Amino acid sequence: MKHPQESMQSDRAGLLYALAGFCLLSLGDAIIKGIADQWTPPAVAAFRYVLGAIGLSAILFAREGSAPFTSIPKLRVQLLRGAAVATATLAFFGSIWLMPLADAVAITFTQPMFTALLAALFLGERLRWATVAATLVAFVGVLIILRPNFAAIGVAALLPLLSALAMAVLMTANRAVRGVGSVLAAQAYVACGGALVLMLAAGAGAASGDPRFALYWPEWHVLARVAFVACSATAAHWLVFKGTERAGAATVAPMTYGQLLVATSLAWVFFDEAPDAIAMLGAALIVGSGLWLWWRGRAKDLSGSTR
């Protein structure tokens with residue numbers, strides 16, 4: 001059994017790992033926003049996931065050989081995971097090119113509520129009243145943030161909400177394939193599936209003839225920045241995994257909201273997107289709902305451990 005001091009140090013290290021990971025994700029988001037109009041969203045998303053798929057597949061092959069590639073468990077669910085992450089990425093990249101970064105990031109924090117609803121519908125998990133209440137409050141926050149954005153850019157303002165829903169589908173599908181392979185294999189499968197779907201999306205966009213989706217090679221620095229985001233996102237997910245491993249998922253969960261603080265700061269400094277009081281109110285409702293759900297889950301776990 002761990003000494004209390006060792007446990008405290010482990011929790012502190014886990015929190016720092018997770019916080020660093022979530023903040024690194026916001027840095028990647030800001031870099032993607034910075035290349036708006038220099039490449040199309042489908043091309044950026046496809047290139048990012050192709051690089052990720054190649055890197056993760058190479059590491060998986062080096063560690064586990066060819067077995068994970070010749071026998072893919074629950075192939076249909078793996079394809080669903082790839083399609084979900086592709087949809088989430090494409091919608092999110094499009095949203096941060098059209099609306100303030102902090103607004104888009106705040107809306108994506110509705111994902112835990114979507115996940116709870118989908119888990120109740122498709123996995124038979126119990127839907128608690130607290131989840132319903134938190135979801136309703138969070139969507140009031142979404143409406144507050146969407147109001148000025150919807151007036152400015154129309155239906156495209158719903159893209160971060162689509163991204164959150166797609167990520168919830170991914171989280172639900174992750175539960176369905178839990179325990180059927182290694183964590184590394186699961187990451188490689190979703191990256192490969194996402195790359196395939198995004199390449200098809202990029203090709204379909206180019207075939208449409210719409211100049212906004214034309215395929216072309218951008219300047220080298222655009223490719224370099226997307227490559228950096230591919231690497232930084234992989235590093236970020238590793239940091240979050242290490243944090244969860246050291247301190248537990250419930251302990252590190254609130255660290256995800258550091259992502260919103262970093263996104264707001266970067267947007268203010270680099271894109272002159274000063275925080276809007278009304279948008280901050282909406283973000284506070286979304287974040288507050290998420291933290292309340294976390295607190296209730298944490299309290300339930302602690303009370304259960306004392307029985």
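One is the number of the first residue; the rest follow in order along the sequence. The structure presented is a predicted model; accordingly, all values stated were derived computationally and were not measured.
- Val229 pairs in a side-chain contact (heavy atoms from CB on, under 4.5 Å) with only one of the listed residues (Leu27, Ile31, Leu25, Thr234), which is Ile31.
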Verdict with supporting geometry, Val140 and Ile144, side chain to side chain contact (heavy atoms under 4.5 Å, CB included): CA-CA 6 Å; Val140 170; Ile144 291 172; 4.2 Å; yes

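- Here the CZ atom belonging to Arg48 is positioned 8.0 Å from the OG atom belonging to Ser232, to the nearest 0.5 angstrom.
- Ala188 and Leu60 get closest at one heavy-atom pair: CB-CD2, 3.8 Å.
- There is a path of hydrophobic side-chain contacts, each under 4.5 Å, that joins Val137 to Ile278.
- With Gln78 contributing its side chain and Gly193 its backbone, the two residues share no donor-acceptor pair below 3.5 Å.
- Annotation for Gln38: atom CD counts as buried by contact number, over 12 foreign heavy atoms lying within 6.0 Å.
- Sorted by first then second residue, the side chain to side chain donor-acceptor pair (under 3.5 Å) pairs that include residues 57-74, not counting sequence neighbours, are Glu64-Ser182.
- Leu215 and Val44 fall into different hydrophobic clusters, where Ile, Leu, Val, Met, Phe, Trp and Tyr residues are linked whenever their side-chain heavy atoms come under 4.5 Å apart, directly or through other members.
- Between the side chain of Arg225 and the backbone N or O of Gly28, no donor-acceptor pair lies under 3.5 Å.
- Annotation: side chain of Leu198 is not in contact with side chain of Pro42 (no heavy-atom distance under 4.5 Å).
- Shortest non-hydrogen contact noted between Ala156 and Leu98 is CB-CD1, 3.6 Å.
- None of Ile107, Val105, Ile32 except one satisfies the side-chain contact (heavy atoms from CB on, under 4.5 Å) rule with Phe92; the exception is Val105.
- Interatomic distance, Asp29 CG to Leu101 CG, rounded to the nearest 0.5 Å: 6.0 Å.
- The minimum heavy-atom distance between Ala102 and Thr264, with the atom names listed, is CB-OG1, 3.4 Å.
- Between the side chain of Ser163 and the main chain of Ala88, a donor-acceptor pair closer than 3.5 Å is present.
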Audit row: Val262, Phe22, side chain to side chain contact (heavy atoms under 4.5 Å, CB included) steps and yes/no: CA-CA 9 Å; Val262 174; Phe22 288 122; over 6 Å; no

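- With hydrophobic clusters built from ILVMFWY side chains whose heavy atoms lie under 4.5 angstrom apart, Leu165 shares a cluster with Ile96.
- Leu261 is not connected to Leu266 by any chain of hydrophobic side-chain contacts under 4.5 Å among Ile, Leu, Val, Met, Phe, Trp and Tyr, and they are in different clusters.
- Atoms CD1 and CG, on Ile145 and Leu281 in that order, are 9.0 Å from each other to the nearest 0.5 Å.
- Sorted by first and then second residue, the salt bridge (Lys or Arg N to Asp or Glu O under 4.0 Å) pairs with a member in residues 31-45 read Lys33-Glu273; sequence neighbours excluded.
- The residue from Trp39, Phe93, Phe228 that alone fulfils the ring-ring contact (aromatic ring centres under 6.0 Å, His included) condition with Phe47 is Trp39.
- If you take CG on Leu161 and OG1 on Thr108, they are separated by 10.0 Å, rounding to the nearest 0.5 Å.
- Under a hydrophobic clustering in which Ile, Leu, Val, Met, Phe, Trp and Tyr are joined whenever their side-chain heavy atoms come within less than 4.5 Å, directly or via other members, Trp220 and Tyr216 fall into different clusters.
- Here the shortest heavy-atom pairing between Leu24 and Ala235 reads CD2-CB, 4.0 Å.
- Scanning all heavy atoms of the two residues, the minimum distance from Leu51 to Ala230 falls at CB-CB, 4.1 Å.
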Side chain to side chain contact (heavy atoms under 4.5 Å, CB included) assessment of Val85 paired with Tyr49: CA-CA 10 Å; Val85 78; Tyr49 268 92; 3.1 Å; yes

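- Without hydrogens or angle criteria, Thr89 side chain to Ala86 main chain gives no donor-acceptor distance under 3.5 Å.
- Between Asp103 and Ala279, the shortest heavy-atom contact is OD1-CB, 3.5 Å.
- The structure places OG of Ser95 at 9.5 Å from CG of Leu162, a figure rounded to the nearest 0.5 Å.
- Note that CG of Leu196 and CG of Leu79 are 8.0 Å apart. Values are rounded to the nearest 0.5 Å.
- Remark: the backbone N or O of Pro68 is paired with a side-chain donor or acceptor of Tyr189 at under 3.5 angstrom.
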